[in-house]
Amino acid sequence: MKIAKYIKRIGVVAVMAAAVMATSCKEVDDTELAQRLFRPVNINLSSQENNITATWTAMEGAYGYKVELYVGDRQSDGLGNTYTNKVLVASEENIKTARWTVSGLEYETTYYFRVRANHAEPSYDSRFSGFEEIKTGSEIEVITAVVTDADRGVVTFSWQDGYNLTYLVLTDANGEEETIQINNADGQLVREGMAAGPYSVTAYNSSRSFNTYEFVIPVIKPVEPSEINYEGVILRWVSTSGLSRIEVVASADPSDVHVYNMSDIATAGENYLFIPASDLGKLVTYNATIWFESGTSGNTVSFTTKDVAPEGLITVSTVDELKTALETAADGATIAINPGTYLFLTELDEIANVSLQKSVTLIAATGETPIIQTKGLQVKNAADIGTIRLEGLEFDCAPAGDGGYLFDQQSAFNVDRIEIVNCRIYDLFNSVVRYDRQTAGGLKNLLIDNCLITNANGKQCIVAMGASGMKYNIESLTITNTTITNVGHTTTNTRFASLYGNDNMTTTFNNNTIVINSTTNNTIDYRGSSTGATGNGKFEMKNNIIYLKNSTESLYGKLPKLDGTTVDISGNFMNGQWVKSVSAGVITYDTEVWPGYGTTNADPQFADIESDNLTVGNSSVVAARAGDPRWLPAE
């Protein structure tokens with residue numbers, strides 16, 4: 001009971017105190033309401049380039065207006081937290097109109113504006129309005145510059161009409177300025193003989209400046225593939241003054257930095273720097289930037305280092321060096337061929353063959369493809385050869401119009417494996433590999449991957465079969481991711497896969513694009529042996545495009561169906577019909593059987609087949625990822 005009375009007494013006192021306070025505040029508020037100005041309303045902000053204009057409704061009784069403009073600034077509280085704080089950048093105390101413009105602000109920046117109405121008696125000024133937000137526009141490129149000839153230092157300056165431009169100010173890498181008088185109506189000016197380096201140019205008229213445009217006349221030259229090899233990388237640059245250093249930074253790891261000061265570069269007078277492979281990582285992409293003593297940077301170029309050099313690597317640069325290396329190198333040697341054309345001739349200046357009598361790997365020494373011109377590579381007089389590998393090379397098999405074979409095996413031989421990877425072979429009037437019709441061959445394994453074989457118009461453009469009734473020892477044939485064009489023969493059937501092989505042979509023929517240009521029968525001619533003997537081989541043919549340029553022709557399929565041999569065919573596309581092909585000793589498939597093995601009649605819709613642009617246009621073919629992957633859009 002006492003507690004209740006106590007609470008009641010406190011309540012009465014509180015009500016009385018509140019009544020006294022309300023009376024006191026009411027007297028003050030009445031006075032302020034009678035004199036204080038209201039906040040400005042209907043504020044409108046607009047921006048043109050880097051200017052902001054604010055308008056609002058004029059206030060009756062206002063002596064003037066105070067305006068303030070702020071920009072957001074990221075600040076830290078010292079405890080690891082950041083917040084946005086508004087920083088005053090422009091203000092005016094007492095403008096007389098309900099309009100205000102501020103110029104020279106930053107482009108593409110958010111600003112905050114507020115305004116209050118001023119009274120003749122400052123104590124009756126209005127409160128500030130709330131903040132209104134606006135972002136300035138993008139800088140108008142009144143002036144631009146294009147380097148039209150870097151070698152001769154030719155630069156074209158262009159500007160927009162309507163700004164009454166009178167001069168340009170050109171600033172070089174060392175901060176030196178040049179004033180160039182211009183005629184605004186011309187709209188363009190060409191300067192020649194400018195030194196390599198970074199520049200900036202600003203356009204002016206009699207009252208103001210416009211945008212500043214930066215450009216670089218390249219100092220470091222692009223790194224050519226021929227300047228990258230197993231020994232290192234060569235950087236070259238244009239002669240110019242004030243150079244300080246070259247920084248080489250790994251694109252994926254900024255901590256992998258290599259700095260080469262000009263004062264320490266022994267070859268600086270010759271304007272190149274050799275960076276040994278020991279300085280850099282293998283198969284790493286680097287960005288090289290050249291710097292000036294003034295602290296400004298020139299252009300940046302990129303390059304990717306090569307892998308570690310194979311043990312016993314031999315590098316050659318001439319056809320004589322290549323001949324010598326093939327004759328004297330140890331069995332299993334790797335010969336790296338520098339860019340260039342290697343023409344093999346006899347003493348009578350006739351096109352010669354290249355003789356291979358040992359295991360050897362021929363590769364491109366750099367990222368640039370060397371061209372080898374020869375009738376072919378002859379494997380002869382050799383008892384046992386392990387592996388012959390060709391990688392990153394280009395072969396002209398008909399430099400004098402007398403085309404033949406890439407590999408021509410004329411006599412007894414025994415080769416375990418031939419690998420042809422990432423090569424281009426053209427004017428192949430016969431086969432990639434030819435077996436002598438009179439001598440049993442000993443090639444066991446053949447791999448062709450990621451190659452371009454163009455103008456392959458021989459009778460059998462991949463592997464020429466031996467004489468009827470002969471049996472060969474080949475164990476595996478793999479052809480993948482390869483394009484073969486202009487397959488055709490004028491007098492007899494065209495067989496782009498023709499082979500008598502081991503009864504247990506494994507064939508993999510996947511993701512290839514074949515263009516056949518023949519008016520005779522076009523045959524997939526494969527059999528485990530000429531007699532069709534029993535075997536346990538495997539035939540896989542998936543996701544290929546087989547295109548007949550002569551649509552009146554059909555493709556004859558002659559495939560193995562030996563006891564124990566598995567056949568896996570799926571996802572193939574062609575623009576014609578399969579028809580039955582009859583041959584003793586093998587089972588062939590006709591139109592009723594082929595569709596059951598996953599072959600679809602569909603035109604791939606090549607972009608420009610006459611120019612060998614085989615980019616696929618048929619969405620169903622693209623969706624199936626069929627054909628040589630290089631012609632498909634990236635996923």
Side-chain angles (χ1 to χ4, degrees), residues 145-147 149-153 155 171-176 194-200 214-311 313 315 317 334 336-340 363-370 391-392 422:
V146 176
V147 180
D149 188 335
D151 292 336
R152 297 194 302 118
V155 179
T171 306
D172 66 14
N174 299 314
E176 296 183 5
M194 295 179 62
Y199 292 86
S200 66
E214 297 180 347
F215 63 95
V216 177
I217 300 176
V219 184
I220 293 187
K221 297 181 178 181
V223 183
E224 300 294 336
S226 59
E227 304 284 22
I228 307 172
N229 55 39
Y230 291 109
E231 284 72 40
V233 178
I234 294 178
L235 298 179
R236 301 185 186 275
W237 59 88
V238 179
S239 178
T240 189
S241 63
L243 295 179
S244 171
R245 67 190 185 279
I246 295 175
E247 291 185 0
V248 179
V249 183
S251 60
D253 181 10
S255 66
D256 183 4
V257 181
H258 307 268
V259 179
Y260 303 91
N261 295 312
M262 287 297 174
S263 58
D264 298 330
I265 298 174
T267 58
E270 301 178 18
N271 300 325
Y272 78 89
L273 167 67
F274 174 73
I275 305 176
S278 57
D279 280 13
L280 307 172
K282 61 180 181 178
L283 298 177
V284 177
T285 298
Y286 287 93
N287 299 315
T289 304
I290 199 161
W291 289 82
F292 287 78
E293 293 173 352
S294 61
T296 58
S297 62
N299 61 306
T300 297
V301 297
S302 298
F303 63 88
T304 301
T305 57
K306 290 186 73 71
D307 203 344
V308 174
E311 186 175 351
L313 178 74
T315 302
S317 299
T334 297
I337 306 174
N338 275 319
I363 61 174
T366 73
E368 191 171 315
T369 305
E391 182 177 349
N422 193 28

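Residues take their numbers from the sequence shown, with the count starting at 1.
Taking CD1 of Ile275 as the start and CG of Leu280 as the end, the distance is 5.5 Å to the nearest 0.5 Å. Atom-to-atom distance recorded for Thr315:OG1 and Ile363:CD1 is 8.0 Å, nearest 0.5 angstrom. One finds the CE atom of Met262 at 10.0 Å from the CZ atom of Arg245 (value rounded to the nearest 0.5 Å). Atom-to-atom distance recorded for Ile217:CD1 and Asn299:CG is 10.5 Å, nearest 0.5 angstrom. With rounding to the nearest 0.5 Å, the separation of CG in Asn229 from NZ in Lys306 is 8.0 Å.
Minimum interatomic distance between Leu283 and Thr304 (heavy atoms only, all atoms of both residues): C-CG2, 4.1 Å. Ala364 approaches Gly392 most closely through the heavy-atom pair CB-O, 3.4 Å. When all heavy atoms of Gly197 and Phe292 are compared, the pair lying nearest together is CA-CZ, 3.8 Å. Shortest non-hydrogen contact noted between Thr366 and Pro225 is CB-O, 2.9 Å. Considering every non-hydrogen atom in both Val155 and Ala145, the closest pair reads CG1-CB, 4.1 Å. Taking all atoms of both residues into account, the shortest heavy-atom contact from Ala196 to Pro218 is CB-O, 3.4 Å.
Checked against ring-ring contact (aromatic ring centres under 6.0 Å, His included), Phe303 has the following partners two or more places apart in sequence or in another chain: Tyr286. Qualifying side-chain hydrogen bond (donor to acceptor under 3.5 Å, both in side chains) partners for Asn287, counting only residues two or more places apart in sequence or in other chains: Ser302. A search for side-chain hydrogen bond (donor to acceptor under 3.5 Å, both in side chains) contacts involving Ser294 returns Thr296, not counting sequence neighbours. Under the ring-ring contact (aromatic ring centres under 6.0 Å, His included) criterion, Tyr260 pairs with no residue, sequence neighbours left out. Not counting sequence neighbours, the partners of Pro276 by the side chain to side chain contact (heavy atoms under 4.5 Å, CB included) test are Phe274, Ser278, Asp279. Not counting sequence neighbours, the partners of Glu224 by the side chain to side chain contact (heavy atoms under 4.5 Å, CB included) test are Ser226, Glu227. Taking the side chain to side chain contact (heavy atoms under 4.5 Å, CB included) definition, one finds that Asp151 meets it with Asp149, sequence neighbours left out. Every residue two or more places apart in sequence or in another chain was checked for a salt bridge (Lys or Arg N to Asp or Glu O under 4.0 Å) with Asp253, and none qualifies. For Ser317, the side-chain hydrogen bond (donor to acceptor under 3.5 Å, both in side chains) test picks out Asn338, with sequence neighbours left out. Partners of Glu368 by salt bridge (Lys or Arg N to Asp or Glu O under 4.0 Å), not counting sequence neighbours: none found. Residues passing the salt bridge (Lys or Arg N to Asp or Glu O under 4.0 Å) test with Glu231: none are found, sequence neighbours excluded. Partners of Thr369 under the side chain to side chain contact (heavy atoms under 4.5 Å, CB included) rule, at least two apart in sequence or in another chain, are Glu394.
Here the side chains of Ile290 and Leu235 are not in contact, with every heavy-atom distance at 4.5 Å or above. Annotation: side chain of Lys221 is not in contact with side chain of Asn271 (no heavy-atom distance under 4.5 Å). Between Ser297 and Trp291, some side-chain heavy-atom pair lies under the 4.5 Å cut-off. Taking 4.5 Å as the limit, some side-chain heavy atom of Val219 sits within range of a side-chain heavy atom of Leu243.
Between the Asn261 side chain and the Ser263 main chain, no donor and acceptor come within less than 3.5 Å of each other. Thr305 contributes a side-chain N or O that, together with a main-chain N or O of Gly281, makes up a donor-acceptor pair within less than 3.5 Å. Between the side chain of Thr240 and the backbone N or O of Ala195, no donor-acceptor pair lies under 3.5 Å.
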